[in-house]
Amino acid sequence: MWLYLRTAPALRRVWLRPTVFQATRGRGVKVYFSMAEARPSYEDIQKISDFLLSKTKHRPKIAVICGSGLGGLADVVEDQNAIDYTEIPNFPRSTVPGHKGRMVFGLLAGKTVVCMQGRFHPYEGYPLWKVALPVRVFKLMGIETLFVTNAAGALNSSFNVGDIMLMKDHISMPGLAGDNPLKGHNEDRFGPRFPAVSDAYNSELRQLARDIGKELGFESFMQEGVYVQVGGPSYETIAECKLLRMLGGDCVGMSTVPEVIAARHCGIRVFGMSLVTNMVVMDYDAKVTVNHEEVLETGKRRAQDMQKLVSKMIGQL
Ligand SMILES: O=P(O)(O)O[C@@H]1C[C@H](O)[C@@H](CO)O1
Ligand SMILES: Nc1nc2[nH]cnc2c(=O)[nH]1
């Protein structure tokens with residue numbers, strides 16, 4: 001059921017969800033409603049895109065979303081215009097250490113790009129559609145190719161800390177449990193109700209990454225595999241890690257997939273890459289546990305190599 005609320009300055013459409021049906025003796029049925037946050041319309045997203053373009057002369061066709069500790073790439077963008085997320089109307093805020101919370105426009109390897117120095121995660125309390133909102137903003141800004149990076153734990157025991165995994169596929173645990181950034185009303189101007197994601201990670205871009213990785217001498221630490229998205233913010237139990245490995249996951253993290261699904265829905269091609277910041281704990285006798293400081297530290301150590309790989313790829317697009 002839709003409820004229309006007059007709020008300054010606009011008429012807001014709020015989706016009311018019937019949550020509890022309770023039969024009351026002799027007096028019919030009582031229905032209770034809870035309110036879900038209104039999603040921005042196509043026009044609202046257009047306004048965010050117009051706002052951003054009004055702040056820069058750059059007109060990028062390539063966007064990069066930087067993962068935890070991997071935002072250094074945005075710092076090397078030349079002739080840059082940086083816009084803090086707090087300045088962007090109706091845009092979420094970054095709350096995680098290692099995510100600066102800026103949209104950086106400029107030149108990387110001679111190509112015009114926009115970099116998100118900081119992304120949004122479901123565990124920050126954002127619904128998946130909001131986590132993926134920047135991708136729709138990108139679409140309306142004219143973005144055709146999206147690079148996504150993340151920090152992840154290795155489930156595959158043949159991987160090492162510091163390895164770079166090219167994403168060839170994903171398993172979305174929230175998706176399998178019924179949550180998806182495309183859940184709810186479908187906006188046909190972005191894409192179809194039932195988009196395919198079996199080809200989510202562009203094979204030509206992956207080949208380009210392999211070729212450039214070889215040129216740069218990165219072969220010994222470049223892997224290819226399947227990223228599993230979990231909800232977080234707690235890291236996995238040992239039993240969960242064993243399960244995710246059995247399901248076919250090579251790395252596990254708490255992000256990226258919502259952005260990828262939204263990008264594929266609206267026809268943006270995607271290249272994804274995970275930096276292995278830690279091995280997950282699979283052994284009950286292990287004395288180590290995963291922590292975010294270790295994640296950021298590994299990010300720092302391998303950041304330069306990831307930056308080189310992404311810049312060279314962008315230079316060749
Ligand atoms: O934004 P990403 O996926 O790179 O961040 C990872 C997942 C969690 O946000 C955090 C855990 O350490 O790092
Ligand atoms: N879920 C999850 N996210 C991570 N991000 C970096 N390392 C990890 C990890 O081990 N598990």
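Every number for a ligand or one of its atoms is a count from 1 in the order of the listing.
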Checklist line | Closest protein heavy atom to atom 8 (C) of ligand 2, given as residue, atom name and distance to 0.1 Å | finding: G153 N, 3.4 Å
Check: Heavy atoms, side chains only, cut-off 4.5 Å: are R245 and V252 in contact?
Finding: no
Checklist line | Point-to-point distance, once rounded to the nearest 0.5 Å, from CE of M273 to OH of Y227 | finding: 13.5 Å
Check: Is any NZ, NE, NH1 or NH2 atom of the basic residue among R102 and D75 found under 4.0 Å from an Asp or Glu carboxylate oxygen of the other?
Finding: yes
Check: Are any of the side-chain heavy atoms of K57 and F105 separated by less than 4.5 Å?
Finding: no
Next item on the list: Return yes if a side-chain donor-acceptor contact under 3.5 Å exists between D163 and Q223, otherwise no.
Entry: yes
Notebook entry, point to check: Cationic tip of R93 within the cone over Y85's six-membered ring, i.e. under 6.0 Å and within 45° of the normal?
Noted result: no
Note to self: Go through it in stages, so that I can follow the logic: the residues are T256 and R119, the test is side-chain hydrogen bond (donor to acceptor under 3.5 Å, both in side chains), and I'd like the CA-CA distance, side-chain angles, deciding distance and then a yes or no.
What the structure shows: CA-CA 9 Å; T256 307; R119 63 147 58 84; 3.3 Å; yes
Check: Does a side-chain N-to-carboxylate-O contact under 4.0 Å join E224 and R210?
Finding: yes
Quick check on ligand 1: any N or O pairs to the protein under 3.5 Å? One line per pair.
unit_1   : atom_1 : unit_2 : atom_2 : d
ligand 1 : 1 (O)  : H99    : NE2    : 3.4
ligand 1 : 1 (O)  : R119   : NH1    : 3.0
ligand 1 : 1 (O)  : H121   : NE2    : 2.6
ligand 1 : 3 (O)  : S255   : OG     : 2.5
ligand 1 : 4 (O)  : S68    : N      : 2.7
ligand 1 : 4 (O)  : A151   : N      : 2.8
ligand 1 : 5 (O)  : S68    : OG     : 2.7
ligand 1 : 9 (O)  : H121   : NE2    : 3.3
ligand 1 : 9 (O)  : Y123   : OH     : 2.6
ligand 1 : 12 (O) : Y235   : OH     : 2.6
ligand 1 : 12 (O) : H292   : ND1    : 2.6
ligand 1 : 13 (O) : S68    : OG     : 3.1

Next item on the list: Number the atoms of ligand 2 from 1 as they appear, then name those within less than 4.0 Å of a heavy atom of M254, with their elements.
Entry: 1 (N), 2 (C), 3 (N)
Check: Short list, please: which atoms of ligand 2 are under 4.0 Å from a heavy atom of V295?
Finding: 6 (C), 7 (N)
Item checked: Which residue and heavy atom of the protein sit nearest atom 5 (N) of ligand 2, plus the separation -> A151 O, 3.3 Å
Item checked: Close approach of G253 to ligand 2, heavy atoms, under 4.0 angstrom -> yes
Note to self: Looking only at protein heavy atoms, which one is nearest to atom 1 (N) of ligand 2, and what is the separation?
What the structure shows: E236 OE2, 2.5 Å
Item checked: Electrostatic pair D188-R193, nearest N-O below 4.0 angstrom -> no
Next item on the list: Check V230 against ligand 2 and report side chain, backbone, both or neither, counting heavy atoms closer than 4.0 Å.
Entry: side chain
Notebook entry, point to check: Which residue supplies the protein heavy atom nearest to atom 7 (N) of ligand 2, what is that atom called, and how far is it?
Noted result: N278 OD1, 2.7 Å
Margin query: Set out, in order, the CA-CA distance, both residues' side-chain angles and the distance that settles ring pair (Phe, Tyr, Trp, His ring centres under 6.0 Å) for F271 and Y201, then state yes or no.
Written below: CA-CA 6 Å; F271 172 77; Y201 301 89; 8.9 Å; no
Item checked: Where ligand 2 meets T277 - atom numbers and elements under 4.0 angstrom, heavy-atom basis -> 6 (C), 7 (N)
Checklist line | Short N-O contact, K214 and D211, less than 4.0 angstrom | finding: no
Notebook entry, point to check: Is A152 touching ligand 2 with its side chain, its backbone, both, or neither, if touching means heavy atoms under 4.0 Å apart?
Noted result: backbone
